[in-house]
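Side chains included, hydrogens not; waters and symmetry mates left out as well; all remaining heavy atoms used. Chain naming here is simple, since letters A, B, ... match the order of the sequence lines and numbering starts at 1 in each.
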2 protein chains.
Amino acid sequence: MEKTDKRTSILNAAEKLFASQGFEGTSTRQIATEAGANMSMINYYFGSKEGVFMEIMSNRIKGFSLALTSIEAEDLNQLEKLMMVIDQYTRRILDNIAFHKMMHRELSLSQRPEMYDKLKQAMSGNLMIIERIINEGIAQGEFRSVDVRMVIASIMGTITNVVTSPSKITAGSKLDIKIPADREILTERLITHLKDLTKTYLTPQK
Amino acid sequence: MEKTDKRTSILNAAEKLFASQGFEGTSTRQIATEAGANMSMINYYFGSKEGVFMEIMSNRIKGFSLALTSIEAEDLNQLEKLMMVIDQYTRRILDNIAFHKMMHRELSLSQRPEMYDKLKQAMSGNLMIIERIINEGIAQGEFRSVDVRMVIASIMGTITNVVTSPSKITAGSKLDIKIPADREILTERLITHLKDLTKTYLTPQK
DNA sequence: CAAAACTAATCAATCGTTTGATTGATTGAA
DNA sequence: TTCAATCAATCAAACGATTGATTAGTTTTG
């Protein structure tokens with residue numbers, strides 16, 4: 001029943017270690033041990049340690065902007081569209097916390113400019129969808145006139161803040177973001193907050 | 001007139017390099033070269049590379065929660081207090097972008113638990129001040145009943161998002177966060193947004 | 001049997017740290 | 001005033017350990 005081939009077990013081990021220790025802080029020997037593979041298998045399959053990193057990123061990037069584009073085409077008002085985007089985007093990120101942490105950390109470094117551009121391009125698609133929805137809502141008078149880029153920064157920033165510093169939210173409670181059931185609770189709580197925040201902020205009070 | 005002693009020039013060089021390359025990604029030889037000092041001076045003054053990191057963090061932590069505490073005592077309503085906190089907190093962070101980026105990156109790692117606790121403790125003071133202000137505002141009926149921890153996550157997250165990914169905000173414009181004049185513009189824009197967001201969200205519409 | 005998958009051993013390079021010697025200024029008794 | 005002693009500061013060189021990567025050989029598989 002051991003159906004995990006060495007190649008993917010290396011990818012999984014590397015992602016886990018990169019997320020908790022950083023790229024530079026993780027050695028190829030650690031990855032190999034964690035994956036239950038020989039050290040040279042890393043270079044055999046991926047060419048180099050950086051190749052492993054690139055492969056992880058590439059795999060994750062694929063299909064990240066797929067679900068969001070369909071929302072834009074649906075026959076809904078802009079607020080409903082925005083609520084759906086927040087819902088899906090938040091769930092996607094909280095289902096891939098390790099990757100999201102790793103991404104944010106390594107991209108704040110000035111190394112790996114190629115991966116930076118690659119990821120920036122992939123993410124800008126998502127950003128533009130949200131930007132278009134809000135701008136459309138403003139144009140139609142459905143939303144107040146606001147600083148759209150800053151609103152997006154608030155939405156994204158809130159999610160990232162919860163993912164990278166969950167203890168600030170859960171302090172005092174018994175919740176632990178590493179436990180799936182607790183993470184589900186936290187996800188719903190975050191979505192509820194973000195929807196309430198954006199709806200209240202963007203919808204003009206009569 | 002060369003008044004920069006080796007000790008502080010090592011600290012400055014290290015902070016600059018840590019901010020752009022990460023702790024693990026920066027070698028002691030790099031630090032020494034950048035500081036114009038001999039490699040062994042690092043261990044002579046700070047004991048180890050990690051000692052340099054600790055010293056930088058300790059220096060920055062000092063006096064970070066000083067300005068905020070005075071606000072709480074002032075004779076203002078909770079909204080006015082919150083506006084002042086947002087104003088000062090945002091300015092402080094955008095005046096120390098390199099440190100803030102370095103802090104967030106290294107603290108998202110599972111290493112250096114001692115520094116993690118130290119910083120967490122220092123920051124929790126700031127968090128508690130904001131939390132108390134909002135809770136007080138809710139109790140007095142000045143604010144709507146909201147998820148306080150999530151509101152704080154939105155405020156902090158927005159600032160961090162702008163600091164770590166300024167290009168998402170400035171894309172299309174000629175602004176560059178590395179240029180002091182542009183950074184000032186961005187700071188004011190961020191403060192305006194955060195004040196507008198929190199005021200609109202927390203103040204109940206009649 | 002040949003290609004693919006895998007292993008142990010080893011490579012040169014770099015890491016953080018330590019060593020032992022040297023410098024220049026300061027001190028205190030002669 | 002002089003001179004030896006002492007001090008922190010600085011240096012080049014080297015330390016052992018670890019790094020990412022490669023080799024050459026073995027096993028597995030289709």
Task: Reading 5' to 3' through nucleotides 12-24 of chain D, protein heavy-atom contacts under 4.0 Å coded B for base, S for sugar-phosphate only, - for none - done: BBB----BBBBB-
TODO: Quickly work out the A/R7 CZ to C/dA4 C1' distance and round it to whole Å.
DONE: 14 Å
- [ ] Not counting sequence neighbours, list each pair that qualifies as a side chain to side chain donor-acceptor pair (under 3.5 Å) and has a residue in residues 183-193 of chain B.
- [x] A/D147-B/R189, A/S154-B/H193, B/R91-B/E188
- [ ] Identify, with sequence neighbours excluded, every residue that meets salt bridge (charged side-chain N to carboxylate O under 4.0 Å, His left out) alongside A/E24.
- [x] none
Task: Pairwise side chain to side chain donor-acceptor pair (under 3.5 Å) hits with a residue in residues 41-56 of chain B, at least two apart - done: B/R7-B/E55
TODO: Take the protein atom CE of B/M41 and the nucleotide atom C1' of C/dT18, then report the distance between them rounded to whole Å.
DONE: 12 Å
- [ ] Under 4.0 Å between any heavy atoms, over every strand shown, what does B/F46 touch: base, sugar-phosphate, or nothing? Just pick one.
- [x] nothing
Open item on the list: Suppose we screen for side-chain hydrogen bond (donor to acceptor under 3.5 Å, both in side chains). Which residues come up paired with B/D176, at least two apart in sequence or across chains?
Closed with: none
Open item on the list: What is the distance, to the nearest angstrom, from the CD atom on B/Q21 to the P atom on C/dC15?
Closed with: 11 Å
Task: A/E34: salt bridge (charged side-chain N to carboxylate O under 4.0 Å, His left out) partners, not counting sequence neighbours - done: A/K16
Task: B/R144 with A/D196: basic N within carboxylate O range, under 4.0 Å - done: yes
